[in-house]
Amino acid sequence: MFVIITYDVGEKRVGKICKKLKEYLTWSQNSVFEGEITKTLLLQCLNEIESIINPDVDSIYVYEVRNPNHMKKTAYGVEKSFDDIFL
Amino acid sequence: MNKDYYIFKSGRMRRKNNTFYFIDKEENKKSLPVHQMENIYVFGKVDFNTDFLNMLTQHNVRIHFYNYYGFYNGTYYPRSRQVSGFTVVNQSNHYLNEVKRQYLAKQFVSSSAFHMLRNLRNHKNYDEVASIMESMQSHLDLLDNVQRIPEIMGVEGTIRQLYYASFNYILPAEFAFDERTKRPPKDPLNAIISFGNSICYTTVLTEIYKTHLDPTVSFLHEPSTKRFSLSLDIAEIFKPLLVDAVIFALLNRKQIKTSDFEYLEDMVILNDSGKKKFIKEWNGKLETTIKHRRLKRNVSYKYFIRLECYKLIKHFIGDQQYKPLKAWW
C-alpha cells in the first residue's frame, strides 16, 4: 500500500525521526514521507518510531492508500523530491 | 514490491544514518530506503567502501555492475544464506548423468522455442513469417531425435537464427538487421537485444540467489568457470517471453528511436536515455501479473522466474519431474 507519514515532534527528536523514516520511505518534504510499503514493514517502522517519540507531546499521522489508483498527486511550485528509480 | 535502483550518474554510494545515500558529483545527497531495496544496478562510475558493502549484506541487497558500454561486468552478492549441500549435490548429479542432463537441456530449448513461436503467432498474416514459423517448428521436431548436448545447442541455434530473421518483417524498417551480431553489436536492433539479454541474466540470477540452486551448475550451456551459466539456461525460457516482448513494444510504439543509440566506431550501443526507456518498460513487464492456474492467485513475471527455480529444485531432489513454463495465456 501507499502511505504518507507526517510528523510534528519536539525539536530534539526531529532528526531522529527523520533518519528512521529515511530507512523505509522517500523523503518528500520537511516532516513528510511517502512511498510504497508493506504492512509488515510499516508496523516495524512505527514500532521503532514509538520508542523514539514522547507520546505526551509528539504526534505522528499515517495516511494509508490501499489502492494506489485512487491517489493523485499534484505538485505546485517546485517538486522537491520525487521517487525515481534512476539516479 | 521491493525496488531496484539504477545509477547512471557518477558519484558515491555510502552508508549513513543506517540507510544508503547516493551523493553525486555536485554533492546532491539522496537517501534511499534500505528496507525496500532489492538490487542496485550501477551503470555510472561509483565509489563506495566496505561499510556500504556490509550494509548490503545485512539487508540482502545485490549490486550489479555494468561497464561503459552497458555490458554486464559482475555482481556483489551477499554471503548466501540459502545454502543446501543436498540440493547442490543432486543438481550436480543431474549434470554428470548424461541422460538426465539431456532431459533438462531439451526442456529449456523446447520452452524457449515455444515462446518464440508464441511471439510470432500474431504476425502470421505475413507469408514470410508463417513460412519461418513452419521451419522453426520442423527444427523443433528434430529435438526428439538428437542426443548429444552440442546437437541440442545446434537445434537451438538454428531455431533462434530463423526467429531473428523474422524480426525484419515485424519491426519498423529502420531497425532492420541482417544477422545477430554480438561482441560488439553492429546495429541498433542488435544493441537493444544485447542490452535486454544482459538485464535478463541478472534478473534471473537475482531470483536464483533466493533459492538453494547453485548458479554455476548448468545443463544446456556448459558450466564454465567464468559465468553463472545456470542463469543463462533459465534465461532461455524468459528471453522471448520478456525481453523480446519489451523490444517489440518499445520499437513498434516508436518509443525508442534511432536517436536513443550511440554510434561508436564499429559498434552501436544504447545511450542513457535509451537504457532508461528500456528499463522502465522492463520493470513494468516484470511487475505484470497473471492468474496462475495451479496456485490460483496472481503471479508476477518476476515470480514466474522464481517458480521455475523451485520446479528445478523439486526435479533435482526427485520430488516432481520438471516441466518448463509454457505460457498458456
Side-chain angles (χ1 to χ4, degrees), chain A residues 1-7 9 12-52 60 62-69 71 75 78-87, chain B residues 1-26 28-46 48 55 58-59 61 63-64 66 199 271-284 286-287:
Chain A
M1 65 187 157
F2 190 92
V3 294
I4 301 163
I5 296 184
T6 65
Y7 57 91
V9 296
K12 265 187 178 171
R13 294 176 293 276
V14 170
K16 284 184 187 171
I17 299 281
C18 185
K19 279 175 194 170
K20 186 47 76 187
L21 283 170
K22 270 182 183 170
E23 293 175 27
Y24 293 88
L25 294 163
T26 321
W27 193 24
S28 63
Q29 273 182 331
N30 285 339
S31 328
V32 180
F33 280 82
E34 62 175 44
E36 273 295 317
I37 195 168
T38 57
K39 238 180 201 171
T40 339
L41 268 182
L42 181 64
L43 269 178
Q44 187 188 326
C45 170
L46 292 173
N47 246 330
E48 285 171 24
I49 280 175
E50 263 176 11
S51 61
I52 301 172
I60 310 272
V62 181
Y63 303 86
E64 292 177 14
V65 185
R66 293 288 164 86
N67 183 348
N69 294 341
M71 214 202 55
V78 189
E79 187 164 26
K80 278 183 182 155
S81 157
F82 59 97
D83 203 13
D84 200 356
I85 57 165
F86 298 113
L87 292 169
Chain B
M1 180 76 234
N2 281 353
K3 265 194 213 137
D4 293 347
Y5 284 90
Y6 298 83
I7 299 176
F8 286 94
K9 283 186 196 160
S10 297
R12 188 173 179 77
M13 281 297 289
R14 61 172 302 198
R15 171 199 182 146
K16 201 187 166 200
N17 300 338
N18 264 327
T19 190
F20 296 135
Y21 272 74
F22 180 72
I23 304 155
D24 65 15
K25 268 191 186 150
E26 285 85 46
N28 297 318
K29 285 182 199 160
K30 189 172 161 58
S31 66
L32 307 171
V34 64
H35 288 283
Q36 305 254 2
M37 209 174 271
E38 179 153 346
N39 291 293
I40 304 173
Y41 291 81
V42 178
F43 293 95
K45 279 184 209 155
V46 176
F48 48 79
M55 186 103 180
Q58 252 173 36
H59 290 274
V61 179
I63 180 162
H64 308 283
Y66 289 80
I199 291 282
N271 63 19
D272 279 0
S273 78
K275 281 178 199 158
K276 283 179 188 172
K277 281 179 198 170
F278 185 92
I279 287 166
K280 210 163 178 199
E281 187 72 23
W282 172 254
N283 274 337
L286 283 182
E287 298 299 321

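Throughout, protein chains are lettered first and strands after them, A, B, ... in sequence-line order, and every chain is numbered starting at 1.
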Closest non-hydrogen atom pair, A/Leu41 against B/His35: CD1-O, 3.7 Å

Residue part contacting chain A, namely of B/Asp24, when any heavy atom lies under 4.5 Å: neither

Can you tell me how far apart NZ (A/Lys20) and CG (B/Asn18) are? Round to the nearest 0.5 Å. 6.0 Å

Shortest non-hydrogen pair, B/Thr19 vs A/Lys22, comes out as OG1-O, 3.8 Å

Relative to chain A, which segment of B/Phe8 carries a heavy atom at a distance below 4.5 Å: side chain, backbone, both, or neither? both

Please say whether more than 12 non-hydrogen atoms of neighbouring residues, nucleotides or ligands are located less than 6.0 Å from NZ in B/Lys276. yes

Heavy-atom count around B/Lys277 NZ within 6.0 Å, excluding the residue itself: above 12? yes

